[in-house]
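All figures in this text were calculated on a predicted structure; none of them were measured in a lab. Counting starts at 1 for both ligands and their atoms, in listed order.
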Amino acid sequence: MKILITGGAGFIGSHLVRLMVNKYPDYQIVNLDKLTYAGNLENLKDVENAPNYTFVKGDITDAELMQELFQDFQFDSVIHLAAESHVDRSIADPMSFITTNIVGTVNLLNAARNIWKESGYEGKRFYHVSTDEVYGTLGETGLFTEDTAYDPRSPYSASKASSDHLVRAYYHTYGMPIVISNCSNNYGPFQFPEKLIPLVINNIKHKKPLPIYGNGKYTRDWLWVGDHATAIDTVFHKGANGETYNIGGNNEWQNIDLVRILCDTVDGLLGRRVGEAQELITFVKDRPGHDKRYAIDATKIKDELGWEPAVQPAEGMKETAQWYLDNTEWMERVTSGAYQQYYEKQYS
Ligand code: NAD
Ligand code: DAU
């Protein structure tokens with residue numbers, strides 16, 4: 001089986017590529033990534049020489065390149081993760097979200113369709129990895145199910161909702177075998193430190209302010225990134241064509257509570273007085289259109305496909321904090337921009 005994984009040099013993509021390369025030596029895994037600021041090949045050093053792994057630098061907004069790639073590799077399946085992923089950046093500059101997340105997805109759908117309509121759709125699969133943010137926001141109660149109406153609020157979530165709709169349209173219109181999953185907030189190693197958890201851990205280490213948007217009483221459902229990778233593996237192999245599966249950690253935290261726990265954890269790991277880091281908490285201007293609460297009902301994936309998260313939140317948060325404290329070189333290379341030279345060094 002030849003599988004194209006897009007966005008494999010990013011946070012979730014790198015965990016997924018590692019899992020697939022190691023678990024399925026008979027699969028050929030091709031990782032296509034533009035290497036934007038969020039793409040870091042140093043995340044994949046341990047598998048870069050594996051015989052069943054190939055890296056291709058490329059941009060999914062380039063329709064011609066996508067056609068050529070499908071022609072050359074004749075992929076059986078696509079697991080599509082490449083995206084602009086950060087909500088704050090989408091508020092500052094929506095256009096790259098529209099081109100990559102929407103146009104890029106359609107380019108991949110078209111390239112797959114052109115090849116697969118000749119060979120037949122039997123054994124083929126286009127898997128779109130999406131987000132719970134397409135459902136908008138919850139109040140104090142309730143959970144997102146697969147039937148929750150789409151109601152995206154940010155340019156990021158609107159672009160992901162749009163790409164979900166387009167992927168479903170290719171199923172209904174052209175009979176393309178597709179599957180979609182919508183997942184909650186991931187945490188763990190290799191996340192770009194613009195996102196809340198790595199940002200906070202790094203700032204605590206350097207005794208810098210910890211910016212909390214608004215009153216901090218916004219809720220997210222946190223999932224260990226390795227559990228998301230096993231969920232994707234499960235949906236890819238067992239999910240039914242045309243279906244959507246919600247993926248979540250059953251692990252809701254208000255931002256302020258999460259940050260306080262991280263503060264005490266990192267103080268403990270650094271041998272500092274517990275309570276010191278909490279003094280760095282700084283309430284700042286709120287994110288415009290900030291969604292109040294996300295929470296996932298993951299009953300369908302549990303009952304139908306037998307997947308559940310394996311990592312307990314307390315264990316996962318401590319491991320995450322320890323990883324960012326231990327991997328100072330990774331963090332320094334990411335924050336200085338040095339990681340962006342890795343492709344030239346290794347591949348050209
Ligand atoms: P990320 O920002 O860490 O990685 C995105 C990757 O896509 C990067 O390697 C980047 O170089 C690549 N990329 C961006 N534009 C590209 C383009 N035009 N062509 C080719 N490659 C391009 O993102 P992530 O957090 O790993 O998220 C991966 C996917 O999972 C996204 O589709 C995101 O919407 C979805 N998702 C993320 C979360 C989360 O909590 N991070 C939760 C649910 C769903
Ligand atoms: O729900 C899934 C989504 O989770 C993914 O689709 C996105 O790709 C991913 O980025 C993430 O989106 P969020 O906006 O929830 O993640 P972020 O880490 O940016 O923010 C988490 C919460 O913390 C959110 O309520 C905003 C808040 N926040 C964030 C930052 C960066 C702060 O209070 N301060 C900050 O400095």
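With hydrogens left out, the protein atom closest to atom 8 (O) of ligand 2 is S85 O, 2.7 Å, a heavy atom. Residue, atom and distance of the protein heavy atom nearest to atom 34 (N) of ligand 2 are P211 O, 2.9 Å. Atom 27 (C) of ligand 2 has N255 ND2, 3.4 Å as its closest protein atom, hydrogens excluded (heavy atom only). For atom 29 (C) of ligand 2, the closest non-hydrogen atom on the protein side is Y213 CE1, 3.5 Å. Nearest protein neighbour of atom 5 (C) of ligand 2, counting heavy atoms only, is Y156 OH, 3.6 Å. In terms of protein heavy-atom proximity, atom 1 (O) of ligand 2 is closest to D132 OD1, 2.6 Å. In terms of protein heavy-atom proximity, atom 24 (C) of ligand 2 is closest to H290 NE2, 3.5 Å.
A donor-acceptor pair under 3.5 Å is formed between the side chain of T6 and the backbone N or O of A82. Between the side chain of N22 and the backbone N or O of R18 there is at least one donor-acceptor pair closer than 3.5 Å. Formation of a donor-acceptor pair under 3.5 Å by the Y127 side chain with backbone atoms of D233 is not found in this model. Counting only distance, with no hydrogens or angles, the side chain of E146 and the backbone of N246 share a donor-acceptor pair below 3.5 Å. Using a distance-only test at 3.5 Å, with no hydrogens or angles considered, no donor-acceptor pair links the side chain of T145 to the main chain of L143. Counting only distance, with no hydrogens or angles, the side chain of D33 and the backbone of A9 share a donor-acceptor pair below 3.5 Å. Within the 3.5 Å criterion, the main-chain N or O of N251 finds a donor-acceptor partner in the side chain of D221. No side-chain donor-acceptor contact under 3.5 Å links D59 to the backbone of K34. In this structure a side-chain-to-backbone donor-acceptor pair under 3.5 Å is present from D267 to A277. No donor-acceptor pair closer than 3.5 Å links the side chain of R168 to the backbone N or O of T244.
In this structure, K205 fails the cation-pi test against Y324, since its NZ or CZ atom is not both closer than 6.0 Å to the six-membered ring centre and inside 45 degrees of the ring normal.
Here N186 has no heavy atoms under 4.0 Å from ligand 2, in either its backbone or its side chain. Contacts between L196 and ligand 2 below 4.0 angstrom, taking non-hydrogen atoms only, involve backbone and side chain alike. At a heavy-atom cutoff of 4.0 Å, ligand 2 is contacted by the side chain of V87 but not by its backbone.
Proximity to I212 (heavy-atom distance under 4.0 Å) selects the following atoms of ligand 2: 33 (O). Close approach of ligand 2 to Y294 (heavy-atom distance below 4.0 Å) involves ligand atoms 1 (O). Ligand 2 places these atoms under 4.0 Å from at least one heavy atom of L199: 36 (O). When each atom of ligand 2 is checked for a heavy atom of H86 under 4.0 Å away, the hits are 19 (O).
Within the structure, ligand 2 has E194 among the residues with a heavy atom less than 4.0 angstrom away.
The shortest N or O to N or O distance between T131 and ligand 2 is below 3.5 Å.
The pair K345-E42 does not count as a salt bridge, with every side-chain nitrogen at least 4.0 angstrom from each carboxylate oxygen.
The neighbour count for K292 NZ, taken as heavy atoms of other residues, nucleotides or ligands under 6.0 Å away, is above 12.
When each of V21, I232, N31 is checked for a side-chain contact (heavy atoms from CB on, under 4.5 Å) with L16, only I232 meets the rule.
W307 and M20 end up in the same hydrophobic cluster when Ile, Leu, Val, Met, Phe, Trp and Tyr side chains are linked at under 4.5 Å.
Nearest-residue assignment for atom 16 (O) of ligand 2 (options N185, D291, V259; heavy-atom criterion): N185. Nearest to atom 13 (P) of ligand 2 by heavy-atom distance, out of E133, E84, K160, K195, is E133. Among Q254, R287, R293, the residue whose heavy atom lies nearest to atom 19 (O) of ligand 2 is R287.
A heavy-atom cutoff of 4.0 Å around ligand 1 is satisfied by the protein residues G7, A9, G10, F11, I12, D33, K34, L35, T36, A38, G39, G58, D59, I60, L81, A82, A83, S85, T100, V129, S130, T131, Y156, K160, C183, S184, N185, N186.
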